[in-house]
Amino acid sequence: MKKTILITGGAGFIGSHLVRHLVQKYPDYHILNLDALTYAGNLENLRDIESSANYTFVKGDICDGDMLQQLFEKHPIDGVIHLAAESHVDRSILNPVEFVRTNVLGTVTLLNAAKNAWKGRSDVLFYHVSTDEVYGSLAPGDYFLETTSYDPQSPYSASKASSDHFVRAYGNTYGIPFVLSNCSNNYGPYQFPEKLLPLFISNIVAEKPLPVYGKGDNIRDWLWVTDHCVAIDLIFHKGRHGETYNIGGRNEWTNIDLVKLLCTSMDEKLGREAGSAESLITYVTDRPGHDMRYAIDPSKLEAELGWTPSLQFEEGLLLTIDWYLKNQEWVERVQSGTYREYYETQYGERLAN
Ligand code: NAD
Ligand code: TDX
């Protein structure tokens, strides 16, 4: 094998797309997928590639230092692409400590294992996958650059910001070759239906309320998940070590405009009367500390590595809707665990107001 790459969080949304992309594109790499299979991790996401000769799944927690040491002893890992995390902002508001454990302690435990195994090698790479939320909220007309100061506002973004700092600190202190990327909101198949788009698709199918936080005027910058994975592949192979790359598709939407577009498309797909889905929109209590606007300036990634997004948002949205409509059983299965309890806690009070 030419390379052995450890992907953490490969059974989650972005991780499963990345694992599939790398397993298929690099038959001479060994792709190791380490995932604790929390509520957000589903091996079903990887059914189509699970028997590939160059793929191995390992169930384990990134906070388990002994397990990580054994994994590095057993496999000649020369690259880590770290995605494992608690990823949902609303959950971080309900349970911040879990986010510190996984996102901060887990990242540091993984860095330690890499440091001990790699012992100053320079032909290795620790790639940390992060988010634009570390930069905080933007005023109109501004854009996130790699040089923008960190200003995290939620427990989730504070934990991701901390993990970013630890990656740079381990690079600077112990000489671990590293690279980081900070990406905007991803969308596409296999996203856990607690996040805006898949939650609203599944609620429209079930004719349940669509809980829009606040006035719905918050702005997010949306990127097709595979375009994120192609960027990660490029940065992993060609990015300059020690650097950060912002990833985004110049695709800003207010939540309410996006939800209305979704509603129109869903009515058409489901053959329902125009306006049916929109009548489900329910304005609810805002998310505490809700960042108003995110927008990435991806010029560095475009100029240095020639990356451009492949899909127009309207096209990607239709593909996403089609996937969720075809995979209702997947939605029901992943929502059947502890999800119901979470949903009641999260939305019971909001919708009652
Ligand atoms: P996700 O919640 O869908 O998946 C996270 C995965 O990590 C799951 O498979 C889960 O089982 C695993 N995991 C959680 N805790 C673990 C632990 N202690 N040990 C091992 N595995 C563990 O998340 P996602 O949306 O795919 O995000 C992946 C990464 O990308 C995260 O680091 C996130 O911060 C970052 N990111 C996400 C987005 C987005 O829009 N979703 C945007 C930018 C960056
Ligand atoms: O029910 C909802 N109603 C609503 O109005 C939900 C779930 C969300 N929203 C709003 C909040 C946000 O402004 O929609 C927007 C998108 O919300 P999420 O899908 O929860 O994503 P966000 O909070 O923007 O964070 C996402 O993008 C950055 C991912 O979950 C993070 O992991 C990633 O780092």
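All residue numbers in this chain count up from 1 along the given sequence. Both counts, for ligands and for their atoms, begin at 1 and track the order of listing. Just so it is clear, the values below take in all heavy atoms, side chains as well, and ignore hydrogens, waters and symmetry mates.
- For ligand 2, the polar-atom distance check against E133 finds a nitrogen or oxygen pair separated by under 3.5 Å.
- For ligand 2, the atoms lying closer than 4.0 Å to a non-hydrogen atom of K195 are 19 (O), 30 (O).
- Counting atoms of ligand 1 from 1 in the listed order, those under 4.0 Å from a heavy atom of G60 are 19 (N), 20 (C).
- Using a 4.0 Å cut-off to heavy atoms of P211, the atoms of ligand 2 that qualify are 1 (O), 2 (C), 3 (N), 4 (C), 5 (O).
- Between E194 and ligand 2 there is a heavy-atom distance shorter than 4.0 Å.
- Judged by distance alone, the side chains of T131 and N182 never bring a donor and an acceptor atom under 3.5 Å apart.
- Aromatic pair H237/Y29: ring centres closer than 6.0 Å.
- Remark: distances from the non-hydrogen atoms of Y187 to ligand 1 are all 4.0 Å or more.
- By the 3.5 Å distance cut-off applied to N or O atoms, T38 is counted among the residues near ligand 1.
- Taking distance alone, with nitrogen or oxygen atoms compared against 3.5 Å, I14 approaches ligand 1 more closely than that limit.
- Polar contact with ligand 2: present for N185 (N/O pair, distance under 3.5 Å).
- The closest side-chain heavy-atom distance from L71 to L6 is below 4.5 Å.
- When only non-hydrogen protein atoms are considered, atom 4 (O) of ligand 1 lies nearest to G12 CA, 3.4 Å.
- With hydrogens left out, the protein atom closest to atom 43 (C) of ligand 1 is C183 O, 3.4 Å, a heavy atom.
- Among G15, G10, A36, A11, the residue whose heavy atom sits closest to atom 20 (C) of ligand 1 is A36.
- Each of the following atoms of ligand 2 lies closer than 4.0 Å to a heavy atom of V212: 5 (O).
- For ligand 2, the atoms sitting less than 4.0 Å from at least one non-hydrogen atom of N255 are 10 (C), 12 (C), 13 (O), 14 (O), 15 (C), numbered in the order shown with element in parentheses.
- Taking the centre of each ring, Y150 and Y135 come in below the 6.0 Å mark.
- No more than 12 heavy atoms of other residues, nucleotides or ligands shown are found within 6.0 angstrom of CZ on F166.
- Within the set L223, I247, V129, the minimum heavy-atom distance to atom 30 (O) of ligand 1 is found for V129.
- Shown in contact with S87 at under 4.0 Å from a heavy atom are these atoms of ligand 2, numbered in order with element: 29 (C), 30 (O), 31 (C), 32 (O).
- Polar contact check, N186 against ligand 1: a nitrogen or oxygen pair lies under 3.5 Å apart.
- Inclusion of C63 in the set of residues having an N or O under 3.5 Å from an N or O of ligand 1 is not warranted.
- Here's the thing with Y156: one of its N/O atoms is less than 3.5 angstrom from an N/O atom of ligand 2.
- Remark: ligand 1 and K160 share an N or O pair separated by less than 3.5 Å (distance only, no angle test).
- A heavy-atom distance below 4.5 Å is found between the side chains of M266 and V205.
- Interface atoms of ligand 1 facing L37, defined by a heavy-atom separation under 4.0 Å, are 11 (O).
- For the side chain to side chain contact (heavy atoms under 4.5 Å, CB included) with L319, the lone residue among W224, Y324, Y187 that qualifies is W224.
- Ligand 1 places these atoms under 4.0 Å from at least one heavy atom of D61: 17 (C), 18 (N), 19 (N).
- Of the protein's heavy atoms, L196 N, 2.9 Å lies nearest to atom 19 (O) of ligand 2.
- The protein heavy atom nearest to atom 19 (N) of ligand 1 is I62 N, 3.0 Å.
- Between I31 and Y26 the shortest side-chain heavy-atom distance does not fall below 4.5 Å.
- Scanning S130, S87, A85 for the heavy atom closest to atom 5 (C) of ligand 1 points to A85.
- Ring pair F126/H241: centre-to-centre distance not below 6.0 Å.
- Every atom of ligand 2 is numbered from 1 in the order shown, and the set under 4.0 Å from a heavy atom of V89 is 23 (O).
- For the pair K300/E243, a side-chain contact is recorded, criterion being any heavy-atom separation below 4.5 Å from C-beta on.
- Distances between N or O atoms of H290 and those of ligand 2 include at least one value under 3.5 Å.
- Checked against a 3.5 angstrom limit, the closest N/O atoms of D132 and ligand 2 fall outside it.
- Note: W323 and Y190 meet the aromatic proximity criterion, with ring centroids under 6.0 Å apart.
- Distances between N or O atoms of Y213 and those of ligand 2 include at least one value under 3.5 Å.
- Ranking protein heavy atoms by distance to atom 34 (O) of ligand 1, first place goes to Y156 OH, 2.7 Å.
- The shortest separation from a heavy atom of K160 to ligand 2 is not under 4.0 Å, leaving the residue out of contact.
- Between S184 and ligand 1 there is a heavy-atom distance shorter than 4.0 Å.
- An N or O contact shorter than 3.5 Å is missing between L34 and ligand 1 by distance.
- Using a 4.0 Å cut-off to heavy atoms of H88, the atoms of ligand 2 that qualify are 20 (O).
- Of the candidates D35, V225, N182, D35 brings a heavy atom nearest to atom 12 (C) of ligand 1.
- Looking from atom 22 (C) of ligand 1 to the surrounding protein, the closest heavy atom is A84 CB, 3.7 Å.
- Summary of contacts: the protein heavy atom closest to atom 3 (O) of ligand 1 is F13 N, 3.0 Å.
- The heavy atom nearest to atom 28 (C) of ligand 1, out of those in L83, I232, L43, T102, is found in L83.
- The residue Y190 has no part lying near ligand 1, judged by heavy-atom distances below 4.0 Å.
- Residue-to-ligand polar distances keep H228 apart from ligand 1: every N/O pair is separated by 3.5 Å or more.
- Of all the atoms in ligand 2, the ones that sit under 4.0 Å from a non-hydrogen atom of L199 are 1 (O).
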